[in-house]
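Down below is the structure, laid out as structure tokens.
Numbers restart at 1 for each chain; the letters A, B, ... are given by sequence-line order, proteins then strands.
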Amino acid sequence: MHKFNGNYMSLSEQEQIRRESLAELRKLGIDPYPAAEYKTNVFARDIIDNFHPENNKFNDVCLAGRIMSRRIMGNASFAEIMDSTGRIQIYVKRDEICKGQDKTFYNNVFKHLLDIGDIIGVKGHVFKTQTGETTVHVNELTLLSKSVRPLPIVKEKDGMLFDAVTDPEMRYRQRYVDLIVNPHVRDVFRKRTQIIQSMRELFNSKGYLEVETPILQPIPGGAAARPFITHHNTLDIPLYLRIANELYLKRLIVGGYEGVYEFSKDFRNEGMDRTHNPEFTVMEIYVAYKDYNWMMNFTEEIIKKAVIDLHGRTDITFDGKKIDLNPPYKRISMLDSIREHTGIDISGMDEDELRKVCTSLGVKHSPEMGKGKLIDAIFGEKCEHHYIQPAFIIDYPVETSPLTKMHRSKPGLTERFELMINGKEIANAYSELNDPIDQLERFQDQLRLSEKGDNEAMFIDHDFVRALEYGMPPTSGMGIGIDRLTMLLTNQPSIQDVLFFPQMKPLSQNLKTEDQNEDYIELGIPEGWIEPLKKLGFTTIAKLIEVEKPAKLANDLNVFNKKNKLGLPGLSPQIVESWLKK
RNA sequence: CGGUUCGUAGCUCAGCUGGUAGAGCACGUGACUCUUAAUCAUGGGGUCGAGGGUUCGAGUCCCUCCGAGCCGACCA
């Protein structure tokens, strides 16, 4: 009955059994992968939430989902199926799904040929069991998709998980498995989408326009970062994957829109850790006739709406820390912040003086760092991590803010803020620089930084300057890191937990040294014996020809043949010896 | 890129100072008509991440490589 062929050899026992079940089902005239639509009329969640035995509204339900557990007891069984909304128990009784004399469908199909992981549809009525569990009493069961690979088994009792899949390798590389067996993971991603929807709703209610701008850019602008580079064949030019969409969105403000926004994937060619992925999502929004003070209020509104839409409240817990996102948020200038946390007033200092401050504070610095980067380093090292509760850090040095309008009253500073929550930057915004002459000079300053060795300095975008020359209204723009906001609002410590498919190093294929089947055939070895040989450890010809006792090998192979019911003709020691001699 | 811990059955994990690999769940077979981490009986399943070295003998010790986590460096 057990049939094995070459392809089966590399499969585990359980996979082989499932493939046999698949064939058996077909033999019984059951299509394991039917094409027809399966019309359901309810979800598991609806039933669980709304079933009351006294007024049963669920006398004729039809739902579909994946079998997650089974408890078979003779002629009746319980199982759990899981649909997109959750799990529900089903009760399958032999004489209920096999109305006539033929009990094959229960005794063979349900009990033996179906497995955990299979996707089925059931029809029936809902009742409560003696132990009080809401259950679907099944009178018709349809196989919708056969699973031939065993799922990790996660059991649960009183909210405690047993054998939960926590291995990051499995969870991130095979996210589909993670989503099946870890329902809270599915929930995190649902929340991620809710956050985006919440923001989109707010922007649309204000009449702002959702737009799309190029991902492939000839000049990667709008941020200080190292880009990915690619090549366009027909144009024969390099193109960069965008590091930001800022300059394109501002062109659209020049073009006359009142407000534009985009949820955009950006790409930065940098390292990866628990808060960085090479591709990530940023929401950027630009609104005409506003300044950064207005944008601070608007940012508070965005965050507040998002957290209330998600949790119904503004206080959250992240990594064990209580954070309250109810506005207004603290506002403090960068220089005041540095004074507060270091006791040093750096206002008006030149590059040399700043360098000395860095040294005295133990903040690392290097010669190519300009004034702005030095101040940034002090803030990053000494201040940033203190802002657990939301706080706007405002008025950044001009050197690190080449796209930002000069401060209306504070010389050397710009009208820029970053929103810090849990010691991390969540949002970044400016009163946008709209003076084309100033903008060109700032770009040229960046070029000088670049020549000094700063490989993150911005490129000059002459077309963007030209756009500003036509005139851009006073505008405020803001960007929010969607991944980090999602981490914060869903209490996930790693960016990998809020990205469906975080970047992972590819696994190198075929690290195992294994010779080709043709090499074995050349030695006169029949094809059927190749897999058995490899299974026994002779994965290369070199290993094979070292064998000193051909008789023992012949015996081992014959035992393997019998054990696995391969049905190959027996081998004599002489035949095996003849392979080794070639 | 540096430090550190880890990689054993489909899954979760044991495996002490080197001596032919174990458990639970899952899987196979049998029993059982309201179970729920179902239960009872019984059986199968592993080139111990890959390659090399030391040894009579390596899952275990040493080296190299491949992946992953954490901590640092760089960055949003």
*Mind checking whether A/H125 and A/F127 have parallel, tilted or perpendicular rings, split at 30° and 60°?*
tilted
*Judged by modelled atom types alone, do A/Y286 and A/E284 share a side-chain donor-acceptor pair under 3.5 Å?*
yes
*Phosphate-side-chain proximity, A/H112 and B/rG30, N/O vs OP1/OP2 below 4.0 Å*: yes
*Is A/E15 touching bases, backbone alone, or none of the nucleic acid, heavy atoms closer than 4.0 Å?*
nothing
Extract from the structure each pairing of a protein N or O with an N or O of nucleotides 40-42 of chain B at less than 3.5 Å, listing the distance.
none

*Between A/R171 and A/D497, does at least one N-O distance fall below 4.0 Å, as a salt bridge requires?*
yes
_Most 5' of A/K128 and A/P152 on RNA chain B, judged by nearest nucleotide_ = A/P152
Let me check something: any side-chain donor-acceptor pairs from residues 374-391 of chain A under 3.5 Å, sequence neighbours excluded? List them with distances.
| from | atom 1 | to | atom 2 | distance (Å) |
| --- | --- | --- | --- | --- |
| A/K382 | NZ | A/L361 | O | 3.4 |
| A/H386 | NE2 | A/K382 | O | 3.2 |
| A/Y387 | OH | A/S337 | OG | 2.6 |
| A/Q389 | OE1 | A/D324 | N | 2.9 |
| A/Q389 | NE2 | A/K322 | O | 2.8 |

*asked:* Need one value for A/E133: base, sugar-phosphate or nothing, where a base atom within 4.0 Å counts as base even if backbone is also close, heavy atoms only.
replied: base
*Is a donor-acceptor contact shorter than 3.5 angstrom present between the side chain of A/Q130 and the base of B/rU35?*
no
*Touch class at under 4.0 angstrom, heavy-atom based, for A/A225 against every strand present*: nothing
*Return no unless some side-chain N or O of A/Q496 is found under 4.0 Å from OP1 or OP2 of B/rG69.*
yes
_Could you walk me through whether A/E262 and A/R242 satisfy the salt bridge (charged side-chain N to carboxylate O under 4.0 Å, His left out) test, starting with their C-alpha distance in whole Å, then the side-chain angles of each, then the deciding distance to 0.1 Å, before giving a yes or no?_
CA-CA 13 Å; A/E262 180 175 16; A/R242 72 174 164 206; 3.3 Å; yes
*Between A/N277 (side chain) and A/Q503 (backbone), is there a donor-acceptor pair under 3.5 Å?*
yes
For nucleotides 5-9 of chain B, list the nitrogen or oxygen atoms of the protein found under 3.5 Å from its nitrogen or oxygen atoms, one pair per line.
none

*Between A/E20 and A/K27, is there a side-chain N and carboxylate O pair less than 4.0 Å apart?*
no
*asked:* Work out how far the P atom of B/rG44 is from that of B/rG24, and round it to whole angstrom.
replied: 14 Å
*Decide yes or no for A/V148 and A/Q14: does some side-chain heavy atom of the first lie under 4.5 Å from some side-chain heavy atom of the second?*
no
*asked:* For the C1' atoms, the ones on B/rU64 and on B/rA21, what distance do you get once it is rounded to whole angstrom?
replied: 26 Å
*Which whole number of Å gives the distance between the C1' atom of B/rG59 and that of B/rU8?*
7 Å
*Near RNA chain B, which residues from residues 265-274 of chain A have a heavy atom under 4.0 Å away?*
A/R268, A/E270, A/D273, A/R274
*asked:* Over all strands shown, is A/A224 touching base, sugar-phosphate only, or nothing at heavy-atom distances under 4.0 angstrom?
replied: sugar-phosphate
Restricting to nitrogen or oxygen on both sides, can you table the protein-nucleotides 22-27 of chain B pairs closer than 3.5 Å?
| from | atom 1 | to | atom 2 | distance (Å) |
| --- | --- | --- | --- | --- |
| B/rG24 | N2 | A/D163 | OD2 | 3.4 |
| B/rC25 | O3' | A/K155 | NZ | 3.1 |
| B/rA26 | OP1 | A/K155 | NZ | 3.1 |
| B/rA26 | N3 | A/Q14 | NE2 | 3.0 |
| B/rC27 | O4' | A/Q14 | OE1 | 3.3 |

_B/rC56 to B/rU20 separation - C1' atoms, rounded to the nearest Å_ = 14 Å
*Got a minute to check which stems RNA chain B is part of, using Watson-Crick or G-U wobble pairs under 3.5 Å, three or more consecutive?*
B:1-7 with B:66-72, B:10-13 with B:22-25, B:27-31 with B:39-43, B:49-53 with B:61-65
*How far, in whole Å, is B/rG3 from B/rA73 if one measures between their P atoms?*
16 Å
*Any A/R71 side-chain nitrogen or oxygen under 4.0 Å from OP1 or OP2 of B/rU35*: no
*asked:* I'd like the C1' distance from B/rA26 over to B/rG10, given in whole Å.
replied: 7 Å
*Want to settle it: does A/R173 or A/K364 sit nearer the 5' end of RNA chain B, counting the closest nucleotide to each?*
A/R173
*asked:* Angle between ring planes, A/Y91 versus A/H137, binned at 30° and 60°: parallel, tilted or perpendicular?
replied: perpendicular
*asked:* Using atom P in both nucleotides, what's the gap between B/rC32 and B/rA58 to the nearest angstrom?
replied: 50 Å
*asked:* For the residue pair A/S264 / A/N245, report whether a side-chain donor-acceptor contact shorter than 3.5 Å exists.
replied: yes
*Expressed as a whole number of Å, how far does the C1' atom of B/rA31 sit from that of B/rU35?*
16 Å
*How many angstroms lie between atom CD1 of A/I243 and atom CG of A/N269, to the nearest 0.5 angstrom?*
11.0 Å
*Looking across every strand, which nucleic acid part, if any, lies under 4.0 Å from A/M504 by heavy atom: base, sugar-phosphate, or nothing?*
sugar-phosphate
